[in-house]
Each structure stands twice: as structure tokens, then as C-alpha cells.
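Remarks on the structure that follows.
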There are 2 protein chains.
Amino acid sequence: MGITERKEREKAEMKRLIMNAARKLFIEQGFEKTSIRNIADEIEYSPGTIYLYYKDKSELLFDLHQESFQKLIEQFQRVLNIKDPFERLTTMGRYYMQYGFENPELYELMFLMSSPIETIECREEIWEDGHVAFDMLRQIVRECIDAGYFKIDDVEGTSMMIWANVHGLVTIHLRKRTTMFREGERIPRLEHAYERFVELIQGRI
Amino acid sequence: MGITERKEREKAEMKRLIMNAARKLFIEQGFEKTSIRNIADEIEYSPGTIYLYYKDKSELLFDLHQESFQKLIEQFQRVLNIKDPFERLTTMGRYYMQYGFENPELYELMFLMSSPIETIECREEIWEDGHVAFDMLRQIVRECIDAGYFKIDDVEGTSMMIWANVHGLVTIHLRKRTTMFREGERIPRLEHAYERFVELIQGRI
DNA sequence: AAATAAAATGAACGGTGTTCAGTAAAACAA
DNA sequence: TTGTTTTACTGAACACCGTTCATTTTATTT
């Protein structure tokens with residue numbers, strides 16, 4: 001029915017309107033300073049309206065979490081053109097860190113905020129987004145092992161170690177635990193630490 | 001004057017009473033679920049009383065942040081008995097991760113929560129606690145380099161890389177981003193990834 | 001045109017951190 | 001000992017939060 005289709009289109013547009021406003025405010029002023037009322041003001045509706053389209057604030061955050069993962073995975077897909085698996089691996093790491101540095105609020109939502117995982121637990125689902133991204137890493141690590149770059153045949157342990165490293169660097173930065181370095185040096189120091197790590201894995205495993 | 005001394009002692013005791021209650025509730029139910037009113041109920045005072053002893057909730061969190069760092073550094077000091085610097089380094093890493101796994105709320109306060117760093121910024125001070133801990137790591141890395149364990153003479157880059165790795169592992173766990181592994185396996189997998197990292201740094205730098 | 005359904009409103013609810021006017025208790029001075 | 005001053009404490013008020021809901025407005029159906 002034309003009316004039914006139009007209403008569904010309007011519902012999707014309304015959700016997009018809400019999400020766009022939410023994302024904008026989350027990015028501009030952070031999650032803690034962004035309320036449902038702020039988002040409602042931004043789109044010139046009442047706070048109650050938002051609950052017609054999203055179950056609660058957590059669901060809004062979860063949808064943005066998924067969208068953010070899609071963007072990260074799109075970045076990751078750009079490395080698939082690189083033939084050498086080790087080069088692919090280390091470039092993926094740089095893209096990961098760059099994504100975190102350039103999108104601090106989204107990175108927090110993806111990897112540091114409890115809400116999205118709680119949403120998944122409530123729905124008794126799995127963290128598809130995180131698993132997909134981790135699988136991409138695992139796949140490349142497997143190819144590195146097969147190509148003889150890593151001597152120990154341990155995809156899981158190696159993948160987790162590699163992820164932990166870049167995740168640690170990004171998180172230290174986002175939570176401002178780099179004050180032992182001068183202000184202009186902080187991201188370069190972290191990037192340098194990553195290159196140190198690249199040298200490390202290049203030589204031994 | 002005896003009265004002045006007694007009043008100062010009572011003030012310190014009152015702060016301890018508040019802090020003990022706060023710590024207990026923060027650990028039992030988490031920071032987000034612990035309010036000033038809850039803490040006041042726990043010590044059977046009114047909420048307003050807490051503001052006679054602490055400027056605000058952030059100051060309370062900051063004091064607990066400092067206390068938590070003292071405990072971590074006490075753990076670190078236990079490794080100073082180990083003669084071999086590489087053994088000392090890797091044991092320190094295990095203690096760090098153990099501290100994080102066993103004290104998730106305190107670890108969050110120390111390394112993931114923004115409030116303590118914001119408090120320091122307001123006071124125009126430096127993150128003494130974090131710097132002291134990082135200096136201990138740097139010291140041991142220097143000794144590893146001097147002993148020939150690491151070939152590249154780069155204390156800063158190596159230290160930051162090492163810290164990022166253990167911090168990444170702990171944070172991935174605390175924020176429940178290990179659901180790609182089965183429930184009983186998660187900490188063992190992270191510990192395994194750390195041992196993988198130990199093998200890695202043992203061989204190359 | 002009337003009845004029904006859907007969308008939207010904005011105040012209410014129960015909570016938060018923090019402040020403050022008023023009260024009670026302790027300390028000080030006469 | 002009494003009156004005054006200072007300090008400690010109370011608990012409601014304030015402005016905010018996420019979410020719900022009684023009511024109104026608008027759109028759809030009959």
C-alpha cells in the first residue's frame with residue numbers, strides 16, 4: 001500500500017533525523033554532556049517523541065555503535081588490496097589507530113563504553129561487529145603465519161596480542177594518560193611506539 | 001591546642017569514614033550506580049555533610065584514584081627483588097594485569113575514567129601517580145637495554161609499547177570485548193596473549 | 001463526516017550532584 | 001554559668017537526567 005510504504009519511509013527518515021542529531025551532539029560535546037532532551041531540542045521535537053522510534057538511549061547508542069563499526073570495517077577493507085600480508089597487517093594497525101585518533105567519541109562507544117555490550121547481553125545476541133573486525137585481523141595473521149612471517153603457529157594468541165597493542169595505544173591517548181609527554185608529542189609518541197611494535201613483530205614470531 | 005588537634009583528628013576520621021563507604025559501594029555496585037546519597041546513607045549522614053569534607057564527587061574519586069595507585073605501586077615494588085631485569089619486567093607486567101583483573105573498578109578509575117585527569121587539569125597539577133608508575137617501567141626497560149636484552153636503545157618507545165600491550169589486554173577484558181572466546185577461557189586467553197608478547201620481546205629488541 | 005489510529009506533546013516521576021537556609025551542638029568569652 | 005559565636009549537620013530546593021504517560025493533534029479509515 002502506498003500509504004504503508006510512505007509511513008515506513010517516514011519512520012526511517014525520522015530515525016535518521018534523530019540519529020544524525022545524536023551523532024552530531026555526541027561528537028561535539030561527548031556522551032556525558034548529551035541528553036535525550038538536547039537531542040530533542042536539536043530536531044525540534046519533544047523528548048517523548050524519541051521513545052516512539054528508539055526503545056531507550058541505549059538503543060540509540062547501539063545503533064551508532066554499529067554504524068561506527070561499519071565505518072571502521074570499510075577502512076579495513078582498503079588494506080585488502082595490499083598483497084604482502086605483513087604489510088597488510090601493519091597498515092591495518094595504522095588505520096585502526098588513525099580511526100581512534102580521528103574519531104575519539106566513536107571509538108569510545110565501540111570499545112570503551114559498557115552500554116553497547118549490555119544491550120547485546122539483554123538481547124542475548126553476540127557482538128557481531130567486534131567479531132567481524134577481529135576475524136579480519138585473524139585472517140591476516142593466518143596469512144602472515146602461512147607466509148612464514150610468524151614462526152609460532154598461534155593465530156588466536158598473536159591476534160589478541162596485536163589488537164591489545166593498538167587498542168592500548170589508542171585508549172591511553174583518548175583517556176589522556178599521555179601527560180608524561182609534551183603536548184605536541186603525544187600522538188607522535190604513540191605512533192612511534194606502534195612502529196616499535198611493528199619492528200618487534202617483524203623480527204621474531 | 002588539644003581541642004584543635006582533636007578536631008583535626010576527627011576531620012581526618014570523617015574523611016576516612018566517607019572514603020571507606022565510597023570505596024565499598026564503588027567496588028560492590030560500580031561507579032555509575034553509586035550516588036552521593038547512597039554513600040551518605042551508608043554512613044548514616046545527610047548528603048550535604050559529604051560536601052563539608054570533599055569539594056565534590058570528583059574530589060572523592062580523585063582521592064580513591066591516588067589510593068589505588070599506591071596499591072599498584074606497592075605491587076610493583078615487590079618485583080624490585082628480582083635480579084634479572086627482563087624477569088623483573090615481565091613479572092611486573094603480570095602483576096599489572098593481575099591488579100586489573102582483580103580490581104576492575106579501581107583499574108577503571110585509574111586508567112579509564114576521565115574525572116581524575118579533569119581534576120588534575122583543574123588544579124593545574126601533573127598526573128604524579130601515572131608518571132611514577134611509568135617511570136618505574138622506564139627504569140626497568142633501561143636496565144634491560146643495558147643488559148643487552150633489547151637491541152634498540154629506545155626507552156620511551158619501548159616502555160610505551162609495553163604498557164600499551166598490558167593496558168590493552170586489561171581494558172579489553174574489563175569492557176567485555178572478549179566475547180569471541182568462550183566464557184571460561186577469556187582471562188586465560190589474555191594471559192596467553194601476554195605470554196606471547198613476552199616471547200616476542202624476548203627475541204628481538 | 002464521524003470514528004479510529006498514529007504521532008506528538010510536555011509534565012510527572014524517581015533519580016542525580018550540589019547548594020543553602022535553618023537547626024543543633026561545640027567552643028569561646030565574659 | 002550564661003550568652004555569644006562558630007562549626008557541624010540536616011534535608012529540602014534547585015536544575016538537571018532518562019523514561020513514562022495522560023492528553024491533544026493529526027492522519028487514516030470507514
Integer-rounded Å distance: [N] [atom2] and [X] [atom1]:
X: A:Ile39; N: D:dT19; atom1: CD1; atom2: P; value: 10 Å
X: A:Leu61; N: D:dG18; atom1: CG; atom2: P; value: 10 Å
X: A:Ile50; N: D:dG18; atom1: CD1; atom2: P; value: 9 Å
X: A:Asp56; N: C:dG14; atom1: CG; atom2: P; value: 20 Å
X: B:Met14; N: D:dT7; atom1: CE; atom2: P; value: 17 Å
X: B:Lys33; N: D:dG18; atom1: NZ; atom2: C1'; value: 14 Å
X: A:Ile3; N: C:dA7; atom1: CD1; atom2: C1'; value: 15 Å
X: B:Leu52; N: C:dA21; atom1: CG; atom2: P; value: 15 Å

Check every atom of [options] against the side chain of [X] and return the nucleotide holding the closest atom.
X: A:Ile36; options: C:dG17, C:dT9, D:dT19; answer: D:dT19
X: A:Lys7; options: D:dT7, C:dA6, C:dC28; answer: C:dA6
X: B:Tyr51; options: C:dG17, D:dT29, D:dG11; answer: C:dG17
X: B:Ser46; options: D:dT10, C:dT18, D:dT19; answer: D:dT10

Using a cut-off of less than 4.0 Å, is there contact between a side-chain N or O of A:Tyr53 and OP1 or OP2 of C:dA8?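 The answer is yes; a side-chain N or O of A:Tyr53 sits under 4.0 Å from OP1 or OP2.
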Taking 4.0 Å as the cut-off, does a side-chain nitrogen or oxygen of A:Thr49 come that near to OP1 or OP2 on C:dT9?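 Yes, because at least one side-chain N or O of A:Thr49 sits under 4.0 Å from OP1 or OP2 of C:dT9.
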So which one's nearest nucleotide on DNA chain C is more toward 5', B:Lys57 or B:Glu10?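 First, find each residue's nearest nucleotide; the 5'-ward one identifies B:Lys57.
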Where do B:Glu195 and B:Arg94 land on the salt bridge (Lys or Arg N to Asp or Glu O under 4.0 Å) test, with the steps shown first? CA-CA 9 Å; B:Glu195 298 310 322; B:Arg94 289 185 199 99; 2.9 Å; yes
Between A:Arg142 and A:Asp154, does the salt bridge (Lys or Arg N to Asp or Glu O under 4.0 Å) criterion hold? Intermediate values first, please. CA-CA 8 Å; A:Arg142 156 98 348 253; A:Asp154 176 10; over 6 Å; no
Between A:Lys176 and B:Glu118, does any side-chain N to carboxylate O distance fall below 4.0 Å?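 Here A:Lys176 does not pair with B:Glu118 in a salt bridge, since their nearest N and O are not under 4.0 Å apart.
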Pair listing, ring pair (Phe, Tyr, Trp, His ring centres under 6.0 Å) test, anchored in residues 9-51 of chain A, at least two apart: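 Matches after skipping sequence neighbours: A:Phe26-A:Phe31.
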Classify the side chain of B:Arg37 and the base of C:dG15 as holding, or not holding, a donor-acceptor pair under 3.5 Å.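 No, no donor-acceptor pair under 3.5 Å.
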For this output row, return yes or no: ring centroids of B:Tyr96 and B:Phe111 closer than 6.0 angstrom.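 Ring-ring flag for B:Tyr96/B:Phe111: true, centres closer than 6.0 Å.
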